[in-house]
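All heavy atoms count here, side chains included; hydrogens, waters and symmetry mates do not.
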Amino acid sequence: MGMFVHILSSRKNMIVRLGYVSISMRLGKKVTSSSTVTFTNYNKIATEKSKLEKLKTITLSNLNDLEIILKYNAENNIHFYRITSALIPLVTHPQVGYFGHREIFKKDFEHLGKLIKEYKMRVDTHPDQFNVLNSINHEVVENTKKNLMRQLEWFDDLNYPDGKMVLHVGGATGGKEDGIKRFIYNFREFPKEITSRLIIENDDKTYTARDVLNLCKILEIPMVLDVHHHNCNNYGELIEDLLEEIFNTWNKEKLHPKIHFSSPKEHVKDKKHSDYINANDFVEFLEKAKNIDRDFDVMLECKQKDEALYLLTKDIKIIRPHYKWIDDSSFEV
């Protein structure tokens, strides 16, 4: 059993921590760790030396702004954060790829890692959707392996052993059963250093929470429940009937379970994310999770990022004034 399960045995309250994705709306557009250059513009640069300087300049800007964001999170007691997949420009482009950034920015990564450790922050990544582990195209699978290795290296360079990468199951060519079989086969062929970092999320159109739960049980890896995706794509089962099994996929992990939460833009099954979180829906989910009474972290996936987090905390305090707040983003239910 995970250590957080043992902690729960000595107390009654469930601790929930809120986090946000990549961009801080409050810091503004000038602070971004996602700056990049298109390959077209990169390719127009005259010399190899100038091309390298361009990549180095953008990377340094991203790392400096990531430091600003991490410090901002710490100042505002935000303990959970998703690092952008665009941290290193063109690192996943087949005609650019690795350009020596690990050696060039070794001290910068070490410094950021020390901040994450000092602030006791949980960080993870969500590799882009073109990373498809179960693709029928061998080249896509090989590129996925390379891309995941790049992000794995970030965690290594940060000296952050708890880093995880969120991945979807992928495509369903030949049907979902074949898609799952390909995922299992390729997963077992991938290096352990990659697969030990992967956590799998249900999606909003193909692989349901039950599908992913069964897959994660087979592979003995953690599952990330996306509540919005479940509402859009399910077999009619209730989320509360799956939740304990999903959380139990984290039993061997040091970190406690994490989920994704967002609100639909319009109707219940609208796949588009709203700018903010519907606090009533969120509290309803918390009350269901309370029956399991296990700590978990929540990544809020909404367009207003940290501003949505702040508004949600205000709304929760109105809807459930008896919840005990630990700090600005963590509370007991």
Side-chain angles (χ1 to χ4, degrees), residues 2-4 17-24 27 31-36 55-92 97-128 131 146-167 191-199 221-222 224 250 252-258 297 299 305-306 309 327-330:
M3 70 178 198
F4 287 95
R17 302 189 306 176
L18 306 177
Y20 71 98
V21 177
S22 302
I23 299 169
S24 165
L27 286 176
V31 179
T32 175
S33 55
S34 304
S35 295
T36 190
L55 296 175
K56 287 166 62 177
T57 299
I58 295 173
T59 300
L60 182 59
S61 174
N62 284 346
L63 295 177
N64 286 340
D65 281 359
L66 178 56
E67 178 180 2
I68 292 172
I69 294 170
L70 291 174
K71 288 181 176 178
Y72 161 82
N73 289 344
E75 289 167 2
N76 290 277
N77 294 308
I78 297 173
H79 314 286
F80 188 27
Y81 175 70
R82 180 186 298 167
I83 296 175
T84 175
S85 291
L87 186 64
I88 309 296
L90 298 181
V91 72
T92 59
Y98 183 70
F99 56 88
H101 60 267
R102 296 188 74 188
E103 291 78 19
I104 297 167
F105 298 103
K106 184 175 186 295
K107 290 185 178 179
D108 300 89
F109 271 95
E110 288 175 351
H111 173 64
L112 292 170
K114 287 177 182 177
L115 290 180
I116 291 169
K117 184 177 181 180
E118 177 187 344
Y119 300 150
K120 298 178 180 177
M121 197 171 295
R122 179 179 189 173
V123 299
D124 60 20
T125 65
H126 195 332
D128 295 323
N131 293 289
K146 292 176 185 176
N147 296 339
L148 294 179
M149 186 62 75
R150 293 285 85 87
Q151 294 196 20
L152 160 66
E153 290 167 354
W154 300 351
F155 292 132
D156 287 345
D157 294 342
L158 291 168
N159 192 25
Y160 183 65
D162 297 331
K164 298 288 187 181
M165 300 179 285
V166 181
L167 206 64
K192 181 68 175 177
E193 56 188 322
I194 292 178
T195 58
S196 64
R197 299 277 194 172
L198 293 181
I199 50 180
I221 56 174
V224 178
W250 291 82
K252 295 179 180 179
E253 299 293 322
K254 179 181 178 182
L255 296 173
H256 42 201
K258 63 159 280 187
D297 293 339
M299 182 56 67
K305 313 289 184 177
D306 53 332
L309 185 155
D327 56 35
D328 296 332
S329 70
S330 309

Where [X] and [Y] come nearest, the two heavy atoms and their spacing:
X: Asp156; Y: Arg197; answer: OD1-NH2, 3.2 Å
X: Asn62; Y: Thr32; answer: OD1-O, 3.6 Å
X: Ile68; Y: Val31; answer: CG2-CG1, 3.9 Å
X: Gly19; Y: Met299; answer: C-SD, 3.8 Å
X: Thr84; Y: Ala86; answer: OG1-N, 2.9 Å
X: Ile69; Y: Ser22; answer: CD1-O, 3.7 Å

Open item on the list: So does Ile58 get a backbone contact from the side chain of Ser35, meaning a donor-acceptor N/O pair under 3.5 Å?
Closed with: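 Checking the backbone N and O of Ile58 against the side chain of Ser35, no donor-acceptor pair under 3.5 Å is found.
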Open item on the list: I'd like to know if the side chain of Ser196 reaches the main chain of Lys192, judged simply by a donor and an acceptor atom lying under 3.5 Å from each other, with no hydrogens or angles considered.
Closed with: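 Confirmed, Ser196 side chain pairs with Lys192 backbone.
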Open item on the list: If only side-chain N and O atoms count, and only distance matters, is there a donor-acceptor pair under 3.5 Å linking Asn73 with His79?
Closed with: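 No, no side-chain donor-acceptor pair sits under 3.5 Å.
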TODO: Would you kindly say whether Asp328 and Asn77 are connected by a side-chain donor-acceptor distance under 3.5 Å?
DONE: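 Checked: Asp328/Asn77 side chains pair up, N/O donor to acceptor below 3.5 Å.
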- [ ] State which residue, out of Lys106, Lys146, Arg102, fulfils the salt bridge (Lys or Arg N to Asp or Glu O under 4.0 Å) condition with Glu153.
- [x]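 When salt bridge (Lys or Arg N to Asp or Glu O under 4.0 Å) is applied between Glu153 and each of Lys106, Lys146, Arg102, only Arg102 qualifies.
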With a 4.5 Å heavy-atom cut-off, do [X] and [Y] have their side chains touching?
X: Arg122; Y: His256; result: yes
X: Arg150; Y: Ile88; result: no
X: Leu63; Y: Ser33; result: no
X: Lys164; Y: Phe155; result: no
X: Leu148; Y: Met165; result: yes
X: Ile221; Y: Ile199; result: no
X: Leu18; Y: Ile78; result: no
X: Phe105; Y: Leu112; result: no

Atom pair [atom1]/[atom2] of [X] and [Y] - distance to nearest 0.5 Å:
X: Leu167; Y: Leu198; atom1: CG; atom2: CG; answer: 6.0 Å
X: Lys107; Y: Asp157; atom1: NZ; atom2: CG; answer: 14.5 Å
X: Ile83; Y: Leu70; atom1: CD1; atom2: CG; answer: 6.5 Å
X: Phe80; Y: Met121; atom1: CZ; atom2: CE; answer: 11.5 Å
X: Ser85; Y: Trp154; atom1: OG; atom2: CH2; answer: 5.5 Å
X: Ser329; Y: Asp306; atom1: OG; atom2: CG; answer: 11.5 Å

Task: Full working for side chain to side chain contact (heavy atoms under 4.5 Å, CB included) between Leu115 and Glu67 - done: CA-CA 8 Å; Leu115 290 180; Glu67 178 180 2; 3.7 Å; yes
Apply salt bridge (Lys or Arg N to Asp or Glu O under 4.0 Å) to [X] and list each qualifying residue two or more places apart in sequence or on a separate chain.
X: Lys56; result: Glu53
X: Asp124; result: Lys258
X: Lys117; result: none
X: Lys114; result: none

TODO: Please list, chain by chain and in numerical order, all residues satisfying side-chain hydrogen bond (donor to acceptor under 3.5 Å, both in side chains) with Asn64, sequence neighbours excluded.
DONE: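 Result, side-chain hydrogen bond (donor to acceptor under 3.5 Å, both in side chains) vs Asn64: none returned.
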Open item on the list: Evaluate Asp162 against Lys254 for salt bridge (Lys or Arg N to Asp or Glu O under 4.0 Å), listing each step before the verdict.
Closed with: CA-CA 8 Å; Asp162 297 331; Lys254 179 181 178 182; 3.7 Å; yes
Task: Contacts of type ring pair (Phe, Tyr, Trp, His ring centres under 6.0 Å), residue Phe99, not counting sequence neighbours - done: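 Per chain and number, Phe99 pairs via ring pair (Phe, Tyr, Trp, His ring centres under 6.0 Å) with His101.
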TODO: Determine the interplanar angle of the Tyr20 and Tyr72 rings, folded into 0 to 90°, and report it as parallel if under 30°, tilted if 30 to 60°, perpendicular if over 60°.
DONE: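 It falls in the perpendicular class, over 60°.
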